Amino acid sequence: MFTVEQINKAHEKVKSGADFPKYIQEIKLMGVISFETWVKDSHSKYFGKDDYQTSSKPQYPELSISDKVDTDKFIKYLRNHQQGKTDYYTFCTNCAETGVEKWVVYFDAMTCIYFDKAGNKILKEDIPV
């Protein structure tokens, strides 16, 4: 099965959201079937087959997640990130500012869903393959 170290190596290649689809393809080949990333500190939980799971450690000091969701502003920030205009940490601070608590990637559907603190879906996106 995959390890956090292998996933981290793949993630090191990600400089912006423009690199995200290649990263997803690489960790999917490792056997990751889904993962969730928490904006507050960027720790992630990775899931594989046969109930396998592993978690990463926090990547930065905790951010405060806004209670107020601003979907339009979040989408603007997301588009900028996907176009390579922001780095990962900036994107995470933008998520916190606009009320995004976490995102979950599902490899079977090739989707990424963003959630607020109440567990409501903010946005569902298809991941380009």
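Every value quoted in this text rests on a predicted model; they were computed, and no experiment measured them.
- Side-chain contacts under 4.5 Å among hydrophobic residues (ILVMFWY), followed directly or transitively, place Leu29 with no other residue at all.
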Name the atoms and distances for all side-chain donor-acceptor pairs under 3.5 Å in residues 95-104, with sequence neighbours left out.
residue, atom, partner, partner atom, Å
Glu97, OE1, Tyr77, OH, 3.2
Glu97, OE2, Lys73, NZ, 2.8
Glu97, OE2, Tyr77, OH, 2.9
Thr98, OG1, Asn94, O, 2.9
Thr98, OG1, Cys95, O, 3.2
Lys102, NZ, Glu36, OE1, 3.3

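- A donor-acceptor pair is defined here as one N or O able to donate and one able to accept, closer than 3.5 Å; such a pair exists between the side chain of His81 and the backbone of Thr86.
- Summarising the geometry, atom CZ belonging to Phe91 is positioned 14.5 Å from atom NZ belonging to Lys85; distances are rounded to the nearest 0.5 Å.
- Here the CE-NZ distance, from Met30 to Lys9, works out to 9.5 Å after rounding to the nearest 0.5 Å.
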Which atom pairs, one a donor and one an acceptor, fall under 3.5 Å between side chains of residues 112-121 and the rest of the protein, sequence neighbours left out?
residue, atom, partner, partner atom, Å
Asp116, OD1, Ala118, N, 3.0
Asp116, OD1, Gly119, N, 3.0
Asp116, OD1, Asn120, N, 2.8
Asp116, OD2, Asn120, ND2, 3.2
Lys117, NZ, Ile65, O, 3.2
Lys117, NZ, Asp67, OD1, 2.5

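- Here the closest heavy-atom approach between residue Leu63 and residue Val39 is recorded as CD1-O, 3.8 Å.
- Within the 4.5 Å cutoff, the side chain of His11 has no heavy atoms near those of the Glu26 side chain.
- For the atom pair NZ of Lys76 and OG1 of Thr71, the computed distance is 14.5 Å after rounding to the nearest 0.5 Å.
- Checked against salt bridge (Lys or Arg N to Asp or Glu O under 4.0 Å), Glu62 has no partners two or more places apart in sequence or in another chain.
- Residues Tyr106 and Met110 do not share a hydrophobic cluster, defined by chaining ILVMFWY side chains whose heavy atoms lie under 4.5 Å apart.
- One distance of note links CZ of Phe35 with CD1 of Ile27; it measures 4.5 Å at 0.5 Å rounding.
- We find the NZ-CD1 distance between Lys22 and Ile24 to be 13.0 Å, quoted to the nearest 0.5 Å.
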Which side-chain N or O atoms in residues 45-58 pair as donor and acceptor under 3.5 Å with protein atoms at least two apart or in another chain?
residue, atom, partner, partner atom, Å
Tyr52, OH, Phe2, O, 2.6
Ser56, OG, Ser44, N, 2.8

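- Partners of Ser66 according to the side chain to side chain contact (heavy atoms under 4.5 Å, CB included) rule, which considers only residues two or more places apart in sequence or in another chain, are Lys68.
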**Request:** Quick one: do Tyr60 and Cys92 satisfy side chain to side chain contact (heavy atoms under 4.5 Å, CB included)? Show the steps, please.
**Result:** CA-CA 10 Å; Tyr60 49 74; Cys92 289; 3.1 Å; yes
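- The hydrophobic clustering, which links ILVMFWY residues whose side-chain heavy atoms are closer than 4.5 Å, places Tyr88 and Phe74 together.
- Of all heavy-atom pairs between Met1 and Gln6, the closest is O-OE1, 4.0 Å.
- Taking hydrophobic clusters as Ile, Leu, Val, Met, Phe, Trp and Tyr residues chained together by side-chain heavy-atom distances below 4.5 Å, Tyr23 shares a cluster with Val32.
- In this structure, the separation between OG1 on Thr111 and CD1 on Ile127 is 6.5 Å, given to the nearest 0.5 Å.
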